[in-house]
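Each chain gets a letter, A, B and so on, in the order its sequence line appears, and its residues count up from 1.
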2 protein chains.
Amino acid sequence: MDSADDSSLGPLTEGGPSAGFLDDGKNTIGSQLASRLREAIISGELEAGSKINLDKARKTFNVSLSPLREGLARLISDGLVEFQDNRGYRVAPISLANLEEVTSLREELEVFALRESIRLGDVEWEGNIMRALHRLNRTERDAARPETLEQWEALHREFHLTLISGCGKPLLLHFCSLLLNLNDRYRRVFLIRTSGDRNVGQEHSEIAQGAVARDVDYACEKLRQHIHRTGTNLRNHLATKGIA
Amino acid sequence: MDSADDSSLGPLTEGGPSAGFLDDGKNTIGSQLASRLREAIISGELEAGSKINLDKARKTFNVSLSPLREGLARLISDGLVEFQDNRGYRVAPISLANLEEVTSLREELEVFALRESIRLGDVEWEGNIMRALHRLNRTERDAARPETLEQWEALHREFHLTLISGCGKPLLLHFCSLLLNLNDRYRRVFLIRTSGDRNVGQEHSEIAQGAVARDVDYACEKLRQHIHRTGTNLRNHLATKGIA
DNA sequence: GCTTGACAAATAATCGATTATTTTGATACT
DNA sequence: AGTATCAAAATAATCGATTATTTGTCAAGC
């Protein structure tokens with residue numbers, strides 16, 4: 001059953017480009033574990049649906065149960081880990097239905113958040129968008145170099161979160177961040193490259209331009225299409241490669 | 001997501017109304033603590049914003065740190081507890097801004113979920129709504145008897161969740177359940193009685209009727225108004241009694 | 001008077017060991 | 001052969017004690 005090779009937990013790398021904003025470097029072991037595990041799951045290093053054996057994980061990470069459970073608990077909040085009393089933890093499975101729900105909810109929530117951001121965002125918010133856009137468009141994804149993929153993923157996530165960061169609704173931002181996590185896992189697991197008929201950089205630019213120009217309908221429609229296309233794209237890959 | 005999560009009115013009434021298919025409940029100490037703490041927070045027994053001292057809590061509940069942290073971790077997922085590395089836990093604060101966000105998001109998400117439920121729900125879903133409505137309307141809230149308030153709250157929550165239970169979107173249901181929790185805390189903390197110009201029972205009936213009649217626009221509009229009125233009502237009480 | 005630093009108390013985080021539950025596997029029985 | 005039963009192994013949950021960090025206090029120095 002336990003087809004996920006736990007020995008692959010070994011070479012996990014921390015301290016990536018997304019290392020932190022307010023990170024004092026004084027994190028607890030539980031926090032560090034949460035980060036490492038999150039990255040391992042989103043990157044596909046830990047197979048979707050696989051069981052997480054506490055004892056093996058404990059040895060792999062050289063930690064005790066307490067911080068391990070602590071870290072796993074946070075991933076449950078993120079929707080990346082499932083838990084059952086007395087039966088332990090497992091990596092949240094992926095499925096067509098889940099992908100479609102994530103896409104659908106992103107269309108609903110992220111667009112709503114963008115609408116609110118355009119209504120409420122200030123000049124600093126606009127500036128943050130342009131900066132995030134610029135950094136994203138400046139970064140190329142080179143399938144041959146995995147570190148560029150990770151870099152792009154981090155900046156892409158940053159761009160989308162920045163877009164909606166002006167909405168003034170912390171809970172909504174939390175939901176969107178969570179959905180983005182789930183979505184990114186599908187991309188990193190299934191999608192190396194965007195389909196040829198898309199110019200994703202162009203799409204991002206249009207959304208950003210519409211946002212800072214305060215053109216609600218334009219920006220929201222562009223964002224919705226962007227999310228929808230990504231969903232369709234991912235769905236095709238998922239159907240092609242099959243579900244693990 | 002949530003493993004064992006149900007209307008758990010801990011010490012008082014057992015054999016609750018919920019028809020349990022997932023009778024997981026209360027296996028581990030951590031689960032029990034999560035339920036007790038959730039109830040304590042939503043009921044206002046634990047003051048919003050107050051610090052949760054692990055050592056005192058450990059003694060209060062006669063448990064060790066491990067299950068205590070376990071339970072608290074779940075409440076973080078619920079948005080009822082906040083956490084900071086090395087600084088421990090505190091009950092999530094309440095505020096006007098938070099209440100308005102909760103109301104706003106409920107209008108957005110719960111209505112969306114109802115729309116999807118009407119589109120996808122089957123006959124069993126319809127039946128569940130009518131049952132939940134009946135039981136809710138049969139239960140009177142008597143301010144003199146707190147147990148009737150708790151009972152009503154449980155049935156009210158059950159009704160709203162049943163309404164949207166046909167949407168086929170587990171994540172969306174999770175979000176809505178979470179928002180309902182947060183919303184109910186405001187009502188219970190501020191010991192609300194509905195304002196005289198409202199007939200809440202009537203409102204519930206109209207929503208339910210519209211739902212089972214598959215009248216999307218009618219049902220959704222009624223639900224939105226219902227949520228909005230509740231929000232306004234709570235806001236007035238919050239403003240009157242002041243924010244802690 | 002105010003800040004700074006050292007120290008002590010309070011509190012949180014982690015560990016190693018123990019207890020409880022689930023799963024596995026062998027055996028006996030129909 | 002299939003199934004029920006029970007013990008052993010695997011795994012999860014919990015505990016008590018220890019370590020690490022933060023917070024509070026007070027005296028020295030500016």
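- Where Gly88(A) and Ser66(A) each meet DNA chain D at their nearest nucleotide, the meeting point lying more 5' is that of Gly88(A).
- Counting to the nearest Å, the C1' atom of dT21(D) and the CG atom of Asn53(B) are 15 Å from each other.
- Note on Lys59(B) versus Asp55(B): salt bridge recorded, some NZ/NE/NH1/NH2 to OD/OE distance being below 4.0 Å.
- dC15(C) atom C1' lies 13 Å from atom CG of Leu68(A), rounded to whole Å.
- A donor-acceptor pair is defined here as one N or O able to donate and one able to accept, closer than 3.5 Å; no such pair exists between the side chain of Glu107(A) and the backbone of Ile227(A).
- Atom-to-atom, CG of Asn27(A) to C1' of dT14(C) comes out at 15 Å; the value is rounded to the nearest Å.
- By the 30° and 60° cut-offs, the orientation of the rings of His160(A) relative to His156(A) is perpendicular.
- Side chains of Asn233(A) and Arg187(A): a donor-acceptor N/O pair is absent below 3.5 angstrom, by distance only.
- As judged by a 4.0 angstrom heavy-atom cut-off over every strand, Ile52(B) is placed among residues touching the sugar-phosphate backbone only.
- Following rounding to the nearest Å, Leu54(B) (CG) and dT14(C) (C1') show an atom-to-atom distance of 13 Å.
- If you measure from atom CD of Glu70(A) to atom P of dC15(C), you get 12 Å, rounded to the nearest angstrom.
- Following rounding to the nearest Å, Ile29(A) (CD1) and dG16(C) (P) show an atom-to-atom distance of 10 Å.
- Nucleotide dT23(D) holds its P atom 9 Å from the CD atom of Gln84(B), rounded to whole Å.
- Here the P atom of nucleotide dT14(D) and the CG atom of Leu65(A) are 12 Å apart, to the nearest Å.
- Phe83(B) and Tyr89(B) have tilted rings, their planes meeting at an angle from 30° to 60° on a 0 to 90° scale.
- A sub-4.0 Å separation between OP1 or OP2 of dT23(C) and a side-chain N or O of Lys51(A) is absent.
- Looking at the side chain of Asn86(A), the nearest of the listed nucleotides dC15(D), dC15(C), dT21(C) is dT21(C).
- Residue Lys56(B) is out of contact with every strand shown, counting any heavy-atom pair closer than 4.0 Å.
- Under 4.0 angstrom from either OP1 or OP2 of dT23(C) there lies at least one side-chain N or O belonging to Arg87(A).
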